[in-house]
Amino acid sequence: MAHLRLERHDGVAVITLDDPARRNALSLGLCAELVDTMAVLEADEDVTVVVVTGAGKAFCAGADLTQLGDSREEGLRSIYDGFLAVAASRLPTIAAVNGPAVGAGLNLALACDLRIAGTDARFDCRFLDLGIHPGGGHTWMLRRIVGPQTAAAMVLFGQILGAEEAVEAGLAWEAAPAESLMERALMVAARATSTPRKLIVDTKATLCEVADIDRHTDAVDHELAKQVTSMDTPEFSQRLADLRARINAD
């Protein structure tokens with residue numbers, strides 16, 4: 001049974017985890033669907049941005065650990081595959097966090113490039129409360145995003161962040177009223193769709209690559225070849241011509 005909905009809005013793909021009765025828990029089936037869906041969107045030249053959200057009152061309640069059986073490592077990796085497919089996407093991704101994002105569900109939110117928190121959002125690690133070690137790169141993602149102290153507060157001391165607290169901590173980019181969360185997420189996403197797809201894919205790649213560069217001069221060299229390549233595209237030529245026309249009209 002499908003527990004994932006996919007909609008398209010003028011270059012924006014919206015993935016909705018659609019198992020509200022189970023608070024959108026990451027089952028093996030749902031994660032497999034998420035992997036397949038991300039592959040489809042990566043190959044779709046008409047999609048520039050991906051928004052991920054949850055149906056009902058939760059964003060995602062975490063992994064369904066009851067499905068693991070005896071093959072725990074293999075089962076865990078199959079669950080990881082779902083949010084790792086989002087983390088590995090070449091396309092810009094937004095998490096519209098409509099409710100609690102717990103454990104592996106928080107991993108799914110962390111896997112996105114941008115998080116917009118609805119009024120009812122809750123960012124909850126929960127792993128230690130369940131007597132289980134964090135997994136799926138949880139500590140690595142969280143520490144890189146919020147820093148060591150907030151990561152420790154959340155992971156070790158069980159602190160749960162609401163929408164405004166998440167914004168203050170740098171975990172969410174902005175908070176939005178629950179009733180207009182998706183409208184806001186689509187508005188933010190739409191701005192990126194005005195950019196040529198290859199350009200935004202290349203620029204996202206650069207944002208990831210420069211994380212390992214320490215010197216400004218090295219970053220200049222790293223960006224130079226890509227910038228020159230972008231200037232040889234017909235899209236750049238057209239936009240430059242449009243800009244000149246507007247300047248001359250003034």
Side-chain angles (χ1 to χ4, degrees), residues 4 6 8-15 31 33-53 77 80-97 101 104 106-116 136-147 151 170-174 184-240 243:
L4 184 152
L6 175 62
R8 290 174 170 84
H9 303 269
D10 298 323
V12 180
V14 177
I15 296 174
C31 289
E33 288 183 64
L34 192 51
V35 170
D36 291 343
T37 299
M38 290 304 300
V40 168
L41 297 179
E42 290 278 340
D44 187 345
E45 292 294 327
D46 293 327
V47 173
T48 303
V49 183
V50 178
V51 176
V52 181
T53 193
R77 287 192 179 277
Y80 298 166
D81 285 343
F83 56 78
L84 291 178
V86 176
S89 178
R90 298 176 304 133
L91 303 174
T93 53
I94 299 173
V97 185
L106 177 51
N107 281 355
L108 177 58
L110 295 172
C112 293
D113 299 312
L114 193 70
R115 285 157 294 282
I116 301 177
H138 180 83
T139 56
W140 183 85
M141 289 191 290
L142 188 62
R143 194 178 193 278
R144 284 167 67 93
I145 292 169
V146 302
L171 180 55
W173 180 64
E174 69 175 15
R184 178 57 183 158
L186 289 172
M187 185 181 300
V188 173
R191 179 65 179 82
T193 64
S194 64
T195 303
R197 189 179 195 264
K198 185 179 185 308
L199 177 58
I200 205 161
V201 165
D202 287 347
T203 304
K204 175 176 173 175
T206 299
L207 280 170
C208 297
E209 292 157 1
V210 296
D212 298 322
I213 294 177
D214 294 323
R215 297 171 54 194
H216 189 181
T217 52
D218 292 338
V220 170
D221 293 340
H222 185 80
E223 291 178 344
L224 181 59
K226 290 186 179 182
Q227 189 171 50
V228 169
T229 298
S230 70
M231 295 173 71
D232 290 332
T233 63
E235 291 88 355
F236 173 74
S237 298
Q238 183 60 56
R239 291 180 186 217
L240 185 60
L243 176 60

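Throughout, numbering of the chain's residues begins at 1 and tracks the sequence.
Between the T37 side chain and the L34 main chain, no donor and acceptor come within less than 3.5 Å of each other. The closest donor-acceptor contact from the side chain of R197 to the backbone of V47 lies under 3.5 Å. At least one donor-acceptor pair under 3.5 Å links the side chain of K204 to the backbone N or O of S89. Under the 3.5 Å distance criterion, the side-chain polar atoms of S194 are left unmatched by any main-chain donor or acceptor of A190. A donor-acceptor pair under 3.5 Å is absent between the side-chain atoms of T193 and the main chain of T48, judged by distance alone.
By the 4.5 Å heavy-atom criterion applied to side chains, L6 and L41 are counted as neighbours. Counting heavy atoms from C-beta on, the side chains of S230 and D202 never come closer than 4.5 Å. For the pair I200 and P92, the minimum side-chain heavy-atom distance is below 4.5 Å. With contacts defined as side-chain heavy-atom distances shorter than 4.5 Å, the pair E42/R90 qualifies.
We find the SG-CZ distance between C31 and R77 to be 14.0 Å, quoted to the nearest 0.5 Å. To the nearest 0.5 Å, atoms CG (L142) and CG (L171) are separated by 6.5 Å. Considering CG of L106 and CE of M141, their distance stands at 7.5 Å, rounded to 0.5 Å.
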Donor-acceptor pairs under 3.5 Å, side chain of residues 215-224 to any protein atom, not counting sequence neighbours: which ones?
{"from": "R215", "atom 1": "NH2", "to": "T217", "atom 2": "OG1", "distance (Å)": "3.4"}
{"from": "H222", "atom 1": "NE2", "to": "E209", "atom 2": "OE1", "distance (Å)": "2.6"}

Tell me which donor-acceptor pairs under 3.5 Å the side chains of residues 8-15 have, and how far apart each pair is, sequence neighbours excluded?
{"from": "R8", "atom 1": "NE", "to": "D44", "atom 2": "OD2", "distance (Å)": "3.2"}
{"from": "R8", "atom 1": "NH2", "to": "D44", "atom 2": "OD2", "distance (Å)": "3.3"}

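No more than 12 heavy atoms of other residues, nucleotides or ligands shown are found within 6.0 angstrom of CZ on R143. Atom CG of D232 sits in a crowded spot, with more than 12 heavy atoms from other residues, nucleotides or ligands closer than 6.0 Å. The number of heavy-atom neighbours closer than 6.0 Å to CD of E174, taken from other residues, nucleotides and ligands shown, is above 12.
E235 has no carboxylate O lying under 4.0 Å from a charged side-chain N of K198, or vice versa, which leaves the two without a salt bridge.
Taking all atoms of both residues into account, the shortest heavy-atom contact from G136 to L84 is O-CD2, 4.5 Å.
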